[in-house]
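Notes to accompany the following structure.
Below, each value reflects all heavy atoms present in this structure, side chains not excepted, and no hydrogens, waters or symmetry copies.
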Amino acid sequence: MMQCSNCGHTGEGGNFCEKCGTRLMPSGSAGVETAAASAMPASGPAAHPGGQAQAGPGSTGPTVTDQLNPYLQKAKSGSKMYLNYFLNTLKSPYTAGRQMGGEQFVNGIITIVLYAVLIPLMFYALTLGERFQPSFGSMVIKPAITYAILMMLVTVYCFAAVRLAKSQAGFKEVAARFGAFLVPFVALLVVAFVFAALKSSLLGIFLLLGFVGAIFTVPAFVVNSFNNNPGTGLDAIYGTVLTYVATFITLILMASFLVDQIVRQLPFSSY
């Protein structure tokens, strides 16, 4: 005789109740199943202290991509903001540069770094595919650091000339304007890099305009942009001349680092 645990109907046997259709279990098995079920640990969040479920052996935690995602999003956002700054400044560099203050200091520094990297990078592009391949560190990294130091020193010279003119501008504001006036010359170096990758002879023209043009024009633009009260300090012309003198002295002292480190790595430098 089998008794249904659901409706209490007693039948002759079988697997299902004749009255309600509930599956019938042998006597005592229900109690065993209930006890086994109560002995099993709960799998929900309440089973662990603090309401947090622990990951099982088959579960996976945060991946490397998930951990890096916030940083990648910040980098993407920062790159987009700088690109907008670069394109807007490129449309009218002097007008935009005169209006910039210390809030654009980071963009100015990024522009200076790009300028310093592009020059040795285009020479490195010339060696691609050649039988002699110099190391990236000796061909790009070391010269780029040297160029960056040079441009930062020129920025310091501009700042000194601006302060001699009795301007109250801070270094961040001067660096921001220096970077803004450098934007069109960075664009010229980008074009030069493309021609370098194509092994075109037009590389020399854009490289000359990008490098020499920046050295000869950017300091004058920076000093003149702060000349709001003429006659109160050092004249803008004398300030520009002093900046050029200091720049050329620095170029002479750093010439071996600026030129030799690149030229001696080129495959034709031994001929």
Side-chain angles (χ1 to χ4, degrees), residues 74-119 121-122 144 147-195 205-244 246-247:
K74 289 182 180 180
K76 182 179 179 180
S77 176
S79 300
K80 185 176 180 181
M81 291 175 60
Y82 178 77
L83 182 61
N84 292 334
Y85 155 85
F86 188 92
L87 295 177
N88 291 331
T89 305
L90 188 61
K91 294 177 182 178
S92 53
Y94 189 72
T95 302
R98 284 181 61 92
Q99 300 173 355
M100 288 188 181
E103 71 280 356
Q104 296 294 341
F105 172 73
V106 174
N107 287 331
I109 295 299
I110 294 175
T111 306
I112 293 174
V113 172
L114 284 176
Y115 181 88
V117 170
L118 280 170
I119 296 176
L121 191 61
M122 70 179 67
Y147 278 104
I149 292 174
L150 170 65
M151 300 310 292
M152 290 304 299
L153 287 175
V154 176
T155 306
V156 171
Y157 301 152
C158 292
F159 172 66
V162 168
R163 295 308 296 261
L164 287 174
K166 302 301 181 181
S167 173
Q168 298 301 316
F171 178 76
K172 287 187 175 182
E173 188 174 356
V174 173
R177 295 193 185 187
F178 189 95
F181 297 141
L182 199 62
V183 163
F185 301 101
V186 171
L188 288 173
L189 292 182
V190 170
V191 176
F193 175 77
V194 173
F195 283 122
I205 298 175
F206 288 93
L207 175 60
L208 186 66
L209 291 173
F211 179 71
V212 179
I215 295 295
F216 276 94
T217 59
V218 172
F221 290 151
V222 173
V223 174
N224 187 67
S225 69
F226 290 99
N227 190 27
N228 299 323
N229 299 309
T232 58
L234 183 67
D235 189 82
I237 292 180
Y238 293 124
T240 303
V241 171
L242 289 176
T243 302
Y244 284 144
T247 300

Test log, rule side chain to side chain contact (heavy atoms under 4.5 Å, CB included), inputs Asp235 and Tyr238: CA-CA 5 Å; Asp235 189 82; Tyr238 293 124; 3.6 Å; yes

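- Between Phe185 and Tyr115, the ring center distance fails the sub-6.0 Å criterion.
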Do Leu182 and Ile112 pass the side chain to side chain contact (heavy atoms under 4.5 Å, CB included) test, and can you show the C-alpha distance, the side-chain angles, and the key distance before you say yes or no? CA-CA 7 Å; Leu182 199 62; Ile112 293 174; 4.1 Å; yes

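- Glu103 places a side-chain N or O within donor-acceptor distance of the main-chain N or O of Gly101, the cut-off being under 3.5 Å.
- What you find for Ala148 and Ala116 is that their closest heavy atoms are N-CB, 3.4 Å.
- Side chains of Ser225 and Arg177: a donor on one and an acceptor on the other come within 3.5 Å.
- With Asn88 contributing its side chain and Asn84 its backbone, the two residues share a donor-acceptor pair below 3.5 Å.
- Met100 places a side-chain heavy atom less than 4.5 Å from the side chain of Tyr85.
- Atom OH in Tyr94 sits 4.0 Å away from atom CG in Asn224 (nearest 0.5 Å).
- A perpendicular orientation is assigned to the rings of Phe211 and Tyr147, their planes being inclined by more than 60° (bins at 30° and 60°).
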Side chain to side chain contact (heavy atoms under 4.5 Å, CB included), that's the test. Do Thr243 and Val222 meet it? Break it down for me. CA-CA 10 Å; Thr243 302; Val222 173; over 6 Å; no

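- The OH atom of Tyr82 sits 10.5 Å away from atom CD of Gln104, with the distance rounded to the nearest 0.5 Å.
- Residues Tyr157 and Leu153 meet the side-chain proximity criterion, which asks for heavy atoms closer than 4.5 Å.
- Checking side-chain atoms of Ser79 against main-chain N and O of Ala75 turns up a donor-acceptor pair under 3.5 Å.
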Using the side chain to side chain contact (heavy atoms under 4.5 Å, CB included) rule, take Glu173 and Phe105 through it: C-alpha gap first, then chi angles, then the decisive distance, then the call. CA-CA 7 Å; Glu173 188 174 356; Phe105 172 73; over 6 Å; no

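- How far CE of Met122 is from CZ of Phe195: 11.5 Å, rounded to the nearest 0.5 Å.
- Closest non-hydrogen pair, Thr155 versus Ala175, comes out as CG2-CA, 3.8 Å.
- Phe159 approaches Gly170 most closely through the heavy-atom pair CE1-C, 3.6 Å.
- Between the CZ atom in Arg163 and the SG atom in Cys158 there is a gap of 14.5 Å [rounded to 0.5 Å].
- When all heavy atoms of Ala220 and Tyr244 are compared, the closest pair comes out as CB-OH, 3.5 Å.
- Tested against Leu207 for a side chain to side chain contact (heavy atoms under 4.5 Å, CB included), the candidates Leu189, Val191, Leu188, Leu118 yield a single pass: Leu189.
- Here the side chains of Val223 and Asn227 are not in contact, with every heavy-atom distance at 4.5 Å or above.
- Nearest approach of Gly239 to Ala161, heavy atoms of both residues: O-CB, 3.6 Å.
- Taking 4.5 Å as the limit, some side-chain heavy atom of Val154 sits within range of a side-chain heavy atom of Phe178.
- For Leu90, the CG atom counts as densely surrounded, since its 6.0 Å shell holds more than 12 non-hydrogen atoms of other residues, nucleotides or ligands.
- A heavy-atom distance below 4.5 Å is not found between the side chains of Pro93 and Val183.
- In this structure, Val156 and Phe171 have side chains that are in contact, with non-hydrogen atoms separated by less than 4.5 Å.
- The side-chain heavy atoms of Met81 and Val106, taken from C-beta on, include no pair separated by under 4.5 Å.
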